[in-house]
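Counting starts at 1 for both ligands and their atoms, following the listed order.
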Amino acid sequence: ETGYVTLDPGFVNTASCASAVTYIDGDAGILRYRGYPIEELAEKSSFLEVAWLLIHGELPTPEQLASFDEQIRERTLLNEGFRSFFAGFPTSAHPMSVLSAGASALAAYHPDLLDPFDPAQVDEASVQLLAKLPTIAAYAHKSSLGEPLLYPDSSLGYVENFLRMTFGLPTGKYEVDPEVVKILDMLFILHADHEQNCSTSTVRLVGSSNASLFSSVSAGIGALWGPLHGGANQAVLEMLERIHNDGGDVKAFVNKVKNKEDGVKLMGFGHRVYRNYDPRAAVVKKATRKVLDTLGVKDPLLDLAMQLEEVALADDYFVQRKLYPNVDFYTGVIYKALGFPVNSFTALFALGRLPGWIAQWREMINDPATKIGRPRQVYTGSTERHYPAK
Ligand code: SDX
């Protein structure tokens, strides 16, 4: 009646940890944040409301949400010292390298927020990260273009402010398209948490040494960057562009994948947990066509992606291996339509995943039973031997 399940001890030993934040049923394609189905949250909620839900375990009251929003708006401004931080990176720097370094640098600017066992410090650090990471991401983009950095505008909502800092210029007013805000807010919700994935496990493991939330999130950003994980959304777009530039022969590409030519994979397909369609991919796929029509964008890569999915899901190679589209397969087409450069896609994933990292880190700090223990190994090296006598 409490909704708790009794885990078979064997399962807990194979699971990396117990957690009450997110539930996934990989075979049934189910994803719930604190019990709420992702489809309902994507349709009815907002990113900040979902962030509160993940972190605090319950949907916020209207007053709690208003205060949370206000606290974040008041903290979006970076210390001016960050200007030389951004100036120090080459314009070719990948946004994920700037984002990871920026998250870590926050620990230097907020040395009073490093104690993981002081609830007030953890609450403040949580809000600081949610407020400042979008500013760091937007500035990474602006610095790469050699364009001036726009200060955050606290009269704007979370996503509007991020879009304005990313695409706005001091020479004129940036009109934020409400449709674009709605789409990006929904995409952030879909990325907000996903149980013990690579980057979240990284955040937990780093945090298990009682390292600060800033250091733990910085490490999580580094893990997310990998093309087998969050970096897949960039790799999917690059894959689609390669197929398109090679003449768009989807079947020829699929054959290359099946023959494992040059280790090529169908990026955006497959998942360590989902052996069925990733429920997030279903939501994104449904939205993609509508988004492009709303924005008046025609992108042949969307048709190519849909053809690729159709050919792959009709092919035993993929069906037998239970390889279906995952969250990264269609998101890149939308990000591109919204005007983001391909190398910033994974930074968008990080902004979406941030509340999940924070929620899971706090759960681990507050409940040692959910800590990932120090991993052990099976030793496969040399047995004892001795240094040769001279
Ligand atoms: C994310 O964990 C999470 O929750 C992550 C995430 C989140 O929200 O945090 O959901 C986000 O990271 C999604 C995944 C994004 N990555 C990609 O799209 C990269 C492409 N996918 C693969 O690299 C792969 O599918 C993984 C890494 C995602 C999952 O690998 P698995 O399930 O461990 O599969 P495997 O590596 O054991 O491969 C099993 C078989 C192999 O073939 P055989 O040796 O049996 O012949 O399936 C093949 C693999 O070669 N295979 C693929 C494939 N993925 C697996 N073949 C072609 N294309 C692919 N994408």
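Ring geometry for F167 versus H141: interplanar angle over 60°, hence perpendicular rather than tilted (30 to 60°). Taking the six-membered ring for Trp and thresholds of 30 and 60 degrees, F82 and F85 have ring planes more than 60 degrees apart, a perpendicular arrangement.
Using modelled atom types, one finds no donor on one side chain facing an acceptor on the other under 3.5 Å when comparing Y109 with Q128.
Protein residues with a heavy atom under 4.0 Å from ligand 1 are H194, N197, P227, L228, H229, A232, V257, K260, K265, L266, M267, G268, F269, G270, H271, R272, R275, R280, Y317, R321, L323, N326, D328, F349, R353.
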Would R289 and M306 satisfy side-chain contact (heavy atoms from CB on, under 4.5 Å), going step by step from the backbone distance to the final call? CA-CA 10 Å; R289 177 69 72 197; M306 292 187 164; 3.8 Å; yes
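Residue D123 forms a side-chain hydrogen bond (donor to acceptor under 3.5 Å, both in side chains) with just one option from H56, Q71, R362, and that option is R362.
Hydrophobic clustering, defined by side-chain heavy atoms of Ile, Leu, Val, Met, Phe, Trp and Tyr closer than 4.5 Å, groups I30 together with Y23.
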